[in-house]
Structures are given as C-alpha cells and as structure tokens.
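What follows is a single structure, written as structure tokens, with notes after it.
The structure presented is a predicted model; accordingly, all values stated were derived computationally and were not measured.
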Amino acid sequence: FERNQPLKTAILDLQKSTLTPIIINDIYADLKARKDYSNMWHLDLMGVPLNNYQKNFLLPFGEFMPLGDTFPSLKSLFPAVSDFAHGEKFTLFNISSKVGIVKAMPLICYEVILPDYARAFDAATAREAQFIINITNDAWFGDSVESLQHMTLGAMRAIELRVPILRSTNSGISAFVSSTGEIFGKTKLFERVNQIYKVPVMERARTVFSFVGNWPQYLFIAFAVFYLWIAYQKSRRVQ
C-alpha cells in the first residue's frame, strides 16, 4: 500500500463513494530492517494511515520457513514459502463511531484461533478492546469446509473474552460473532457481497479464562492422568 500509487488511488476512490474509513490487509515493507510483514492498515476518510498492526503468529511453511534464518539455504530450497517477519507489538485500532471512539483488536488470519495469543494480546492492551476485527485469506482452501472451521474455531475467542468479532474474508465466510459466540449474517463462499453489521458496544465483563487461561484444563488433564495411574496401580495389586 505505501509504495503502490494505483492501489492508493483505487482505495481513495472507494472511500470517496462510501465516505468511510477502511481497514485492509497487505504487505508492509520495513526498508531499514529489510523485512516484510503481513500487515493490517487502518485508514481514515482520506486514505491516510491512522494505525497498523503486523501479524505476530505466522503460519509455518506458509508464511515463513522454520529455521530459515539459522539455515538460509532452506529458503532457497522452498521458494514457494513466504518470508515474512514476526510482528513485535500489540496495537488496538481507535475507530470513530456514533457513540465515540471504540477500540478494536486486529487479528490476522489464524491468530483468531489461538486462545493464548488472543488472551496475551488482550492483557497487553489493558483489556480495552471492545471487539475483534479478523481479516483473513481463505481462498487458497477453495470450496471446502475450511472457512467454516476457521470461523467456528475463532468464535471461541468471543466467548472466552466476551467481545464480539467482525470477520472479513476475501472468499467467504464473512460474519458477525456476538460476545456469546452466536454467528450472524454469514456470507456464502465465493459470493461477492457488501455486508453491514451493527456491533453493540458494551462494558466488558471479566471472564475466568481472562484470569487464568487454560490452567483449569491442564489441571483437569493432570488429575485425570493421576486418577488413571492410581486405578492402574490398584488393579495390579488385585491381580
């Protein structure tokens, strides 16, 4: 976006007709560090960047080559694998609305299916996010169940953190997920459509998950293993 004038012009023309800010996903090039990032821009009414966020959790063998920096020859052996750098900051987008400024947590692609990452993002930004924006490219999975699985797994973050999710994907399924995990306004796969969602802005409630994360699950697994071990020892004594 920052180097492509035709793209900037096309986006500005769209904004002139819609009179709205816009959020897009592209590749951000840090020329000084010589690194490329999977990036989300928040642009104002005139197409001027207000903020951006670089994807932190990258997809191995898709967006980066594991051990590629240690063994650069791996990158040349697998040229189809992208060479993105990991983002290093948590950033909320301040979005103007009828009720004032609301704060959105940007999550790119598979970041929305990672409970610990979303929880860490939320904690690092003082739990000020009022909803999540998830932009993703699911087109490479074609007409398959993947997009439905992606959306359904991501809906768990709404339940865990009690925040709604706006999901926008270039190939569908786009949707609105309420803070209780209900999914509304699903678009069809590979159907070109403009969709408007009304997002309720409410005071957030702290959840058990936001306090303790997955520790109850780990404790349950440990207890189950211990119980099975005790049962096994008893069965051996009986024999």
Side-chain angles (χ1 to χ4, degrees), residues 1-59 62-65 68 75 79-97 101-112 114 117-118 121 124-125 129-141 147 150 154 165-176 187 190-197 199:
F1 169 79
E2 79 273 21
R3 294 179 294 175
N4 190 318
Q5 191 56 47
L7 177 60
K8 283 187 175 182
T9 301
I11 291 173
L12 186 56
D13 289 343
L14 172 65
Q15 290 183 280
K16 286 179 179 178
S17 64
T18 59
L19 298 177
T20 183
I22 195 169
I23 293 173
I24 62 171
N25 181 225
D26 79 339
I27 297 174
Y28 175 76
D30 186 336
L31 299 180
K32 290 184 178 180
R34 301 180 67 181
K35 293 181 178 179
D36 292 329
Y37 297 89
S38 178
N39 177 73
M40 195 187 295
W41 286 108
H42 178 205
L43 311 176
D44 69 7
L45 289 169
M46 300 304 297
V48 177
L50 295 173
N51 208 338
N52 64 350
Y53 163 74
Q54 287 81 50
K55 187 178 182 183
N56 191 317
F57 198 96
L58 301 174
L59 187 65
E63 294 173 317
F64 80 103
M65 172 58 65
K75 296 180 181 181
V81 177
S82 299
D83 190 22
F84 289 124
H86 294 266
E88 299 176 351
K89 63 178 182 178
F90 296 110
T91 304
L92 297 182
F93 290 175
N94 295 322
I95 299 176
S96 299
S97 72
I101 300 296
V102 294
K103 296 181 181 293
M105 179 195 301
L107 296 176
I108 299 175
C109 196
Y110 280 171
E111 288 181 330
V112 78
L114 304 170
Y117 180 74
F121 196 139
T125 51
Q130 293 163 283
F131 66 99
I132 292 172
I133 293 176
N134 179 225
I135 294 181
T136 181
N137 171 18
D138 284 348
W140 55 353
F141 292 100
S147 194
H150 191 178
I165 299 174
L166 280 176
R167 183 177 198 267
S168 178
T169 175
N170 59 336
S171 58
I173 304 167
S174 297
F176 168 71
T187 64
F190 298 102
E191 178 185 46
R192 192 171 191 175
V193 59
N194 297 323
Q195 193 84 335
I196 297 177
Y197 301 103
V199 182

Within this structure, what is the [atom1]-[atom2] distance for the pair [X] and [Y], rounded to the nearest 0.5 Å?
{"X": "Leu14", "Y": "Leu19", "atom1": "CG", "atom2": "CG", "answer": "10.5 Å"}
{"X": "Ser168", "Y": "Asn137", "atom1": "OG", "atom2": "CG", "answer": "11.0 Å"}
{"X": "Asn25", "Y": "Ile108", "atom1": "CG", "atom2": "CD1", "answer": "5.0 Å"}
{"X": "Asn51", "Y": "Ile23", "atom1": "CG", "atom2": "CD1", "answer": "10.0 Å"}
{"X": "Asp44", "Y": "Ile95", "atom1": "CG", "atom2": "CD1", "answer": "12.5 Å"}
{"X": "Asn170", "Y": "Thr136", "atom1": "CG", "atom2": "OG1", "answer": "7.5 Å"}

Q | Asn94 vs Lys103, side chain to side chain contact (heavy atoms under 4.5 Å, CB included): CA-CA, chis, key distance, verdict | A | CA-CA 5 Å; Asn94 295 322; Lys103 296 181 181 293; 2.9 Å; yes
Are any of the side-chain heavy atoms of [X] and [Y] separated by less than 4.5 Å?
{"X": "Phe84", "Y": "Ile27", "answer": "yes"}
{"X": "Ile173", "Y": "Arg167", "answer": "yes"}
{"X": "Trp41", "Y": "Glu2", "answer": "yes"}
{"X": "Asn4", "Y": "Pro6", "answer": "yes"}
{"X": "Leu45", "Y": "Pro21", "answer": "yes"}

Q) Could you walk me through whether Phe121 and Phe57 pass the ring pair (Phe, Tyr, Trp, His ring centres under 6.0 Å) check? A) CA-CA 11 Å; Phe121 196 139; Phe57 198 96; over 10 Å; no
Q) Got more than 12 heavy atoms from elsewhere within 6.0 Å of CD, Gln5? A)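 Above 12, so yes.
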(Q) Is it true that, when you exclude Leu7 itself, more than 12 heavy atoms of the residues, nucleotides or ligands shown sit nearer than 6.0 Å to its CG? (A)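 Yes.
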Q: Report the C-alpha distance between Leu92 and Met105 in whole Å, list the side-chain angles of each, state the deciding distance to 0.1 Å, and finish with yes or no for side chain to side chain contact (heavy atoms under 4.5 Å, CB included).
A: CA-CA 5 Å; Leu92 297 182; Met105 179 195 301; 4.0 Å; yes
Closest approach of [X] to [Y] (non-hydrogen atoms, all atoms of both residues):
{"X": "Gln130", "Y": "Ile101", "value": "OE1-O, 4.1 Å"}
{"X": "Phe1", "Y": "Gly47", "value": "CZ-O, 3.7 Å"}
{"X": "Ser171", "Y": "Ala139", "value": "OG-N, 3.3 Å"}
{"X": "Leu43", "Y": "Ile24", "value": "CD1-CD1, 4.4 Å"}
{"X": "Asn134", "Y": "Cys109", "value": "ND2-O, 3.2 Å"}

Q: Evaluate the ring planes of Phe64 and His86, with Trp represented by its six-membered ring, and classify them as parallel (under 30°), tilted (30 to 60°) or perpendicular (over 60°).
A: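 Correct class here is perpendicular.
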**Q.** Those residues that, when tested against Asp83, pass salt bridge (charged side-chain N to carboxylate O under 4.0 Å, His left out) (two or more places apart)
**A.**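 Checked Asp83 against salt bridge (charged side-chain N to carboxylate O under 4.0 Å, His left out); matches are Lys75.
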Acceptor/donor pairs from residues 32-40 side chains to any protein atom, 3.5 angstrom cut, sequence neighbours excluded:
from: Asn39; atom 1: OD1; to: Gln54; atom 2: NE2; distance (Å): 2.8
from: Asn39; atom 1: ND2; to: Asp26; atom 2: OD1; distance (Å): 3.2

Q: Determine, step by step, whether Gln195 and Ser174 satisfy the side chain to side chain contact (heavy atoms under 4.5 Å, CB included) criterion, reporting the C-alpha distance in whole Å, the side-chain angles of both residues, the deciding distance to 0.1 Å, and the verdict.
A: CA-CA 9 Å; Gln195 193 84 335; Ser174 297; over 6 Å; no
Q) Are Glu111 and Tyr53 close enough that a side-chain donor and a side-chain acceptor fall under 3.5 Å? A)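 Indeed, the side chains of Glu111 and Tyr53 share at least one donor-acceptor pair under 3.5 Å.
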Q: Please report the C-alpha distance between Leu31 and Arg3 in whole Å, then the side-chain angles of each, then the deciding distance to 0.1 Å, and finally whether the side chain to side chain contact (heavy atoms under 4.5 Å, CB included) criterion is met.
A: CA-CA 11 Å; Leu31 299 180; Arg3 294 179 294 175; 4.2 Å; yes
